[in-house]
Amino acid sequence: MVDINKNPPWFRTVSRCKYSNLPVSHPEIFVSSHPGSNYFVDMAKLGDQIILVKASGYVRSYEMSEALRFMGDYISKHFGQKIEIIYLEDYDDVEGADSKARKEYIEYYLRMRNVIIAAIMYNQPILFKISYNIAKKLHILNDQVYVIDTYEHAFALALKIINQRNAGNILGNESDSLPIKTEALSETIFRWVSAKSRNFMDRLTSRYRERITRKYSDELLKYLESINWHQDGIDAPVISDSADRSIRKVFDAVSYIKSDVDDLLREREAYEQVLRKSEAKYRQLVEHAEAGILEFDYQTNRIISANDSFLGIIGYSKEEIFSMNPVDLMTEDSKNIYLELLSQRLSGKILPTGNSYQFITKSGQRKWVLLNSNITYKEEQPQKADIVLIDITHLKEVENELIRYQERLKQLSIQLSKAEENQRRQLASQLHESVSQELFVAQLKLNVLEKVLNDPKHSRQLDEIKDQIVKSIREIKSITYDLSPTVLYDLGLKEAVEALSKSIEVNYCLTAKARFIGHLEDLDEEIKIIIYRVIKEIIHNVIKHARASSIAINIDNTNNRLCVDVIDNGVGFDTGRLSEGQYTDKGFGLFDIREKINHLGGHLSIHSTPGSGTRIGLVIPLKDSGYRTFRSTRAALNSPFFSGERVSGSTRKSRSAETRLSCNK
């Protein structure tokens with residue numbers, strides 16, 4: 001059983017530090033419970049921010065785990081809410097530790113860096129100093145770990161670190177009892193340590209150097225030569241019994257270093273094995289991928305590697321492709337686009353990944369590819385690029401075919417609208433010229449018949465027939481107007497919209513106001529018809545869905561643009577839901593409106609939120625010297641025309657919807 005009282009640390013036997021006069025409190029001991037173990041750890045608290053530790057014996061990994069848990073509990077129990085403490089450990093009686101224990105010890109300190117702001121070890125044997133230097137060289141330990149020769153020097157360094165961090169006075173309420181100032185203490189200790197160090201080195205030089213060189217140099221060299229660095233472990237050195245402790249420590253240090261090197265080699269071999277497997281998988285994926293993959297070197301402006309799929313896309317051999325730049329394979333238009341995007345990317349601009357370009361194969365065939373690239377930099381200069389290409393020629397052909405079909409469908413839709421309008425006009429003309437005239441003649445004949453008969457008995461029946469004929473004439477007139485308003489063709493768009501507004505007010509009890517800016521007399525007939533039908537369709541949607549009490553129609557013909565704005569104070573709707581396929585009837589109506597406006601080279605905008613009404617805007621470029629000014633279409637959307645006030649709801653304070661609108665830039 002281990003004797004914990006054989007060589008107790010100084011802080012277990014005193015109540016104050018003799019150098020600082022700080023109080024020593026809460027001494028506790030961890031003793032390993034494993035049979036045959038000689039490992040135990042003393043701990044105590046010095047002042048308010050220093051923990052004193054002294055380990056004794058040889059420690060294995062399972063004992064280290066227990067000791068570290070004990071230390072964690074000790075810190076939590078005796079340092080309270082203190083989050084910054086200094087760790088001082090005496091290594092004088094440490095015999096050694098296995099590799100896992102050393103690793104666990106270092107990892108514990110790294111995890112505790114937010115609590116332990118510095119760790120200071122003193123009285124370290126040469127063996128442990130070598131291990132410490134290796135760890136520092138490999139950056140396993142950070143700069144807040146120190147190895148000091150004596151406790152006096154370690155305490156002075158701890159005091160200096162705390163003062164530098166502006167952590168206050170570690171002496172707590174006992175500061176007045178310190179016999180000397182901290183600056184004087186540090187100066188005295190460093191002077192004493194320097195003298196001790198010089199004396200120690202002089203003694204070491206005079207006493208052991210010649211002896212080690214003469215007696216053990218050959219044995220040490222032979223021992224180093226016998227080490228097999230490719231295998232784990234090391235044979236124990238053969239040292240005579242007369243060799244003193246210092247000589248044995250030199251050979252022990254070699255064994256210790258070999259153990260650490262074995263650990264590093266094992267870890268490196270494990271990492272290299274994982275890397276080799278990853279490289280093999282990557283190589284297999286690249287070689288058998290359906291996408292074309294290549295590597296481009298910016299220093300030589302050449303392709304340096306490519307898989308078979310890429311060669312299959314472009315038709316060149318590896319020997320041919322390795323002397324080329326991918327840009328050389330592009331069409332002129334694609335090359336200009338690629339170089340412009342590359343310039344923006346190299347300047348630091350973030351661009352969306354994946355762009356399509358047209359390549360020319362060796363046989364002269366043109367293929368579309370989707371290109372993604374990942375560029376690696378060194379000192380802000382591009383070095384290499386990993387490029388992935390996917391042949392999308394078939395998709396492009398299908399896309400172009402769909403575009404052609406869409407264009408044909410749009411033309412068919414416009415032709416259908418024109419045919420429908422012609423049929424409306426013909427039907428309205430027939431109703432007006434035939435049915436209405438016949439009814440009118442019948443009414444005249446009934447009047448003549450009534451005078452001829454002059455019979456009160458049949459007078460009532462004749463009046464009913466005449467009323468029915470008058471009602472029919474009115475209904476046919478209304479149907480005729482709905483089918484094809486003659487005012488639109490005879491007088492123009494302005495008069496037709498005014499008549500439509502009056503009809504809405506009479507038939508639907510809504511307030512409808514129309515406002516006009518500019519002249520509308522010279523509009524093309526096609527534009528007049530489409531605009532009128534669109535306005536009527538929008539108003540139909542308002543009556544059907546919006547539950548509005550007022551509608552404003554604003555038409556502005558200035559700057560070669562026709563701007564139309566229809567505003568209601570209804571319930572509004574979420575415009576985002578139109579793209580999700582909801583509001584089926586409204587969505588189809590708006591789709592038809594959008595297609596008609598697109599046919600005129602115009603643009604449709606919809607602004608609405610639930611509870612705030614709706615504003616639908618149209619901008620149509622008009623002919624100017626035989627050409628339509630398409631580029632001005634979107635600019636008009638930002639004009640004052642589209643920033644006018646909404647028509648307020650009936651429950652809100654009334655505001656005039658008759659705001660003067662303008663399409664001026």
Side-chain angles (χ1 to χ4, degrees), residues 268-269 271-407 631:
R268 189 186 71 174
E269 177 60 28
Y271 290 138
E272 288 179 348
Q273 187 174 359
V274 172
L275 182 61
R276 285 193 295 270
K277 289 182 179 179
S278 299
E279 288 178 345
K281 289 181 179 179
Y282 173 75
R283 190 178 300 107
Q284 187 176 16
L285 288 173
V286 169
E287 292 299 328
H288 296 87
E290 294 184 2
I293 301 175
L294 61 98
E295 189 176 7
F296 177 74
D297 184 10
Y298 279 95
Q299 306 302 315
T300 60
N301 281 325
R302 291 292 179 265
I303 298 172
I304 58 177
S305 67
N307 68 348
D308 292 338
S309 296
F310 175 72
L311 300 177
I313 292 173
I314 61 170
Y316 287 92
S317 65
K318 283 190 176 182
E319 291 74 15
E320 292 172 321
I321 202 64
F322 286 163
S323 63
M324 302 177 69
N325 186 316
V327 178
D328 300 335
L329 302 170
M330 296 181 181
T331 62
E332 197 64 31
D333 291 341
S334 292
K335 183 184 299 184
N336 294 334
I337 295 173
Y338 173 79
L339 293 176
E340 174 63 25
L341 293 176
L342 179 63
S343 175
Q344 295 179 23
R345 185 172 180 181
L346 294 178
S347 66
K349 187 175 181 180
I350 299 176
L351 300 174
T353 58
N355 294 282
S356 57
Y357 304 96
Q358 197 171 32
F359 275 39
I360 302 176
T361 66
K362 185 177 181 180
S363 63
Q365 181 184 3
R366 297 187 174 223
K367 289 186 177 181
W368 283 98
V369 299
L370 183 67
L371 187 148
N372 282 281
S373 62
N374 179 42
I375 303 175
T376 56
Y377 296 85
K378 183 178 181 181
E379 297 178 355
E380 299 183 355
Q381 295 298 320
Q383 299 296 308
K384 292 183 180 180
D386 297 318
I387 302 174
V388 179
L389 301 96
I390 301 174
D391 188 351
I392 58 171
T393 303
H394 179 66
L395 294 178
K396 276 288 185 180
E397 292 173 351
V398 172
E399 179 185 357
N400 292 333
E401 189 67 22
L402 287 174
I403 292 173
R404 286 194 293 269
Y405 275 121
Q406 288 175 351
E407 290 299 326
R631 62 178 178 268

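By the 6.0 Å contact criterion, CD1 on I350 is open, its count of non-hydrogen atoms from other residues, nucleotides or ligands being 12 or less.
Q381 is linked by a side chain to side chain contact (heavy atoms under 4.5 Å, CB included) to Q383, counting only residues two or more places apart in sequence or in another chain. For the side chain to side chain contact (heavy atoms under 4.5 Å, CB included) test, residues two or more places apart in sequence or in another chain that qualify with E332 are K335, N336. Listed by chain and number, the residues in a side chain to side chain donor-acceptor pair (under 3.5 Å) with E340 are Q344 (sequence neighbours excluded). Annotation: side chain to side chain contact (heavy atoms under 4.5 Å, CB included) contacts of E319 (sequence neighbours excluded): S317. Annotation: side chain to side chain contact (heavy atoms under 4.5 Å, CB included) contacts of E397 (sequence neighbours excluded): T393, H394. When the side chain to side chain donor-acceptor pair (under 3.5 Å) test is applied to S347, no partner is found at least two apart in sequence or on another chain. Listed by chain and residue number, R404 satisfy the side chain to side chain donor-acceptor pair (under 3.5 Å) test with E401 (two or more places apart in sequence, or in another chain). Annotation: side chain to side chain donor-acceptor pair (under 3.5 Å) contacts of D297 (sequence neighbours excluded): T300.
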Exercise for the section: Go through L329 and I360 one step at a time and tell me if the side chain to side chain contact (heavy atoms under 4.5 Å, CB included) criterion holds. Expected result: CA-CA 6 Å; L329 302 170; I360 302 176; over 6 Å; no
Handout entry: Worked verdict on T361 versus I313 for side chain to side chain contact (heavy atoms under 4.5 Å, CB included)
Key = CA-CA 7 Å; T361 66; I313 292 173; 5.7 Å; no
Practice task
Given side chain to side chain contact (heavy atoms under 4.5 Å, CB included), test N374 with I387 step by step and report yes or no.
Solution key: CA-CA 7 Å; N374 179 42; I387 302 174; over 6 Å; no
Problem - Audit row: I304, K384, side chain to side chain contact (heavy atoms under 4.5 Å, CB included) steps and yes/no - result: CA-CA 10 Å; I304 58 177; K384 292 183 180 180; 4.1 Å; yes
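How far CD1 of I303 is from CG of N325: 7.0 Å, rounded to the nearest 0.5 Å. Taking CG of D386 as the reference point, atom CD of E295 lies at 5.5 Å (rounded to 0.5 Å). Between the OG atom of S356 and the CD1 atom of I392 there is a distance of 5.0 Å, given to the nearest 0.5 Å. Atom OG of S323 and atom CG of N301 lie 13.0 Å apart (nearest 0.5 Å). Taken to the nearest 0.5 Å, the CG atom of N355 stands 9.0 Å off from the CD1 atom of I337. Interatomic distance, L371 CG to L389 CG, rounded to the nearest 0.5 Å: 4.5 Å.
Pairs engaging residues 353-373 under the ring pair (Phe, Tyr, Trp, His ring centres under 6.0 Å) rule: Y338-Y357 [sequence neighbours left out]. A salt bridge (Lys or Arg N to Asp or Glu O under 4.0 Å) check over residues 352-366, counting only residues at least two apart or in different chains, returns the pairs E320-K362. Residue pairs satisfying the ring pair (Phe, Tyr, Trp, His ring centres under 6.0 Å) criterion with at least one member in residues 301-332, sequence neighbours excluded, are absent. Residues in residues 343-352 take part in no salt bridge (Lys or Arg N to Asp or Glu O under 4.0 Å) pair, two or more places apart or across chains.
Using a 4.5 Å cut-off on side-chain heavy atoms (C-beta onward), I390 and V369 make no contact. Counting heavy atoms from C-beta on, the side chains of K367 and D391 come closer than 4.5 Å.
The heavy-atom pair separating P382 from Y298 by the smallest distance is O-CB, 3.5 Å.
The backbone N or O of L294 sits nowhere less than 3.5 Å from a side-chain atom of S305 that would complete a donor-acceptor pair. Here the side chain of N307 pairs a donor or acceptor atom with the backbone of A291 at under 3.5 angstrom. For the pair N400 (side chain) and K396 (backbone), a donor-acceptor distance under 3.5 Å is present.
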